[in-house]
Amino acid sequence: PLELSAKRPVPFLRQVIPVRKKVQRDPRFDDLSGEYKPEIFMKTYSFLDSIKKQEKEMVQKQLKKCRNMEQKEKLQRLLNRMTQQEQAQKKQQKLRERELSLKRQQRELAKQGKKPFFLKKSEKRKLELAEKYAELKRSGKLESFLNKKRKRNAIKDKRHLPSQKNL
């Protein structure tokens, strides 16, 4: 601000020199930062996976040594969160790879002179479900998964049926 003399009284409406405000920008949503491409992002930050793995091992060691129940609970929650994030990342990677393979197939067909065919969301979901079932069958967990699903559906159906109180 402009320095004023202390000998004169300050005017009621003082003229202040306008200071240009710094415009804060979020690089996640700004065009200047470029376009988000997951493949490039994963390659650039692949070193984080090894760091996360080391941290997970460290937390597991601490969990084994820990005697305090509160601390043990905290560490267990942290470990669960880490494993869930890891699983979600693997799932996302598989999905990305599947989409890339479909795109490659479409390109090959286009090179051969055939018309490109794009799957609908529902068809993609069906393929994903079929793959999930195949994976469960391979690992031998299909029966337990189907039992859980049956129970869940039975509970939903029961909820929609009229209760004895209403009759």
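The figures here come from the full heavy-atom set of this structure, side chains too, leaving out hydrogens, waters and symmetry mates.
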Over 12 foreign heavy atoms within 6.0 Å of CD, Gln112: yes

Side-chain ion pair, Arg98 and Glu131, N-O less than 4.0 Å: yes

Min side-chain heavy-atom separation Glu128-Lys124 under 4.5 Å: no

Pairwise distance CD1(Ile51) to NZ(Lys53) - rounded to 0.5 angstrom: 13.5 Å

Close side-chain approach of Leu146 and Tyr133, heavy atoms under 4.5 Å: yes

Atom OH of Tyr36 with >12 non-hydrogen neighbours under 6.0 angstrom: yes

Glu73/Arg77 ion pair, N-O < 4.0 Å: yes

Student check: side-chain heavy atoms of Phe29 and Asp31 closer than 4.5 Å: no

Side chain to side chain contact (heavy atoms under 4.5 Å, CB included) between Arg125 and Lys120, intermediate numbers included: CA-CA 9 Å; Arg125 214 174 290 128; Lys120 287 190 254 177; over 6 Å; no

Separation between OG of Ser144 and NZ of Lys149, rounded to the nearest 0.5 Å: 13.0 Å

Straight-line distance of Arg28 CZ to Asp26 CG, nearest 0.5 Å: 4.0 Å

Note: Glu55-Lys52 ion pair, threshold 4.0 Å (strictly below): no

Glu86 bridged to Lys56 by N-O distance under 4.0 Å: yes

Met58 with Leu78, same ILVMFWY side-chain cluster at under 4.5 Å: no

Point-to-point distance, once rounded to the nearest 0.5 Å, from CG of Leu102 to CZ of Arg107: 11.5 Å

Check: Glu123 and Leu127 side chains under 4.5 Å, non-hydrogen atoms: no

same_hphob_cluster(Leu129, Leu119) at 4.5 Å side-chain heavy-atom cutoff: no

Shortest non-hydrogen separation from Ser33 to Arg25 and the atoms involved: OG-NH1, 3.7 Å

Test salt bridge (charged side-chain N to carboxylate O under 4.0 Å, His left out) applied to Glu135 and Arg138, step by step: CA-CA 5 Å; Glu135 179 64 37; Arg138 229 186 347 263; 2.6 Å; yes

Contact check, side chains of Lys91 and Leu95, non-hydrogen atoms, under 4.5 Å: no

Shortest non-hydrogen contact from Leu63 toward Lys72: CD1-O, 3.4 Å

Donor + acceptor pair across side chains of Asn153, Arg150 (<3.5 Å): no

Gln84/Arg81 under side-chain hydrogen bond (donor to acceptor under 3.5 Å, both in side chains): CA gap, chis, key distance, verdict: CA-CA 5 Å; Gln84 285 174 350; Arg81 190 169 67 228; over 6 Å; no

Student check: side-chain heavy atoms of Asp49 and Gln89 closer than 4.5 Å: yes

Distance (rounded to the nearest 0.5 Å) between Gln106 CD and Leu109 CG: 5.5 Å

Spatial distance of atom CD (Gln85) from atom CD (Gln92) [nearest 0.5 Å]: 11.5 Å

Within one Ile-Leu-Val-Met-Phe-Trp-Tyr cluster: Ile40 and Phe47, side-chain cutoff 4.5 Å: no

Validation row: Gln71, Gln62 side chains within 4.5 angstrom (heavy atoms): no

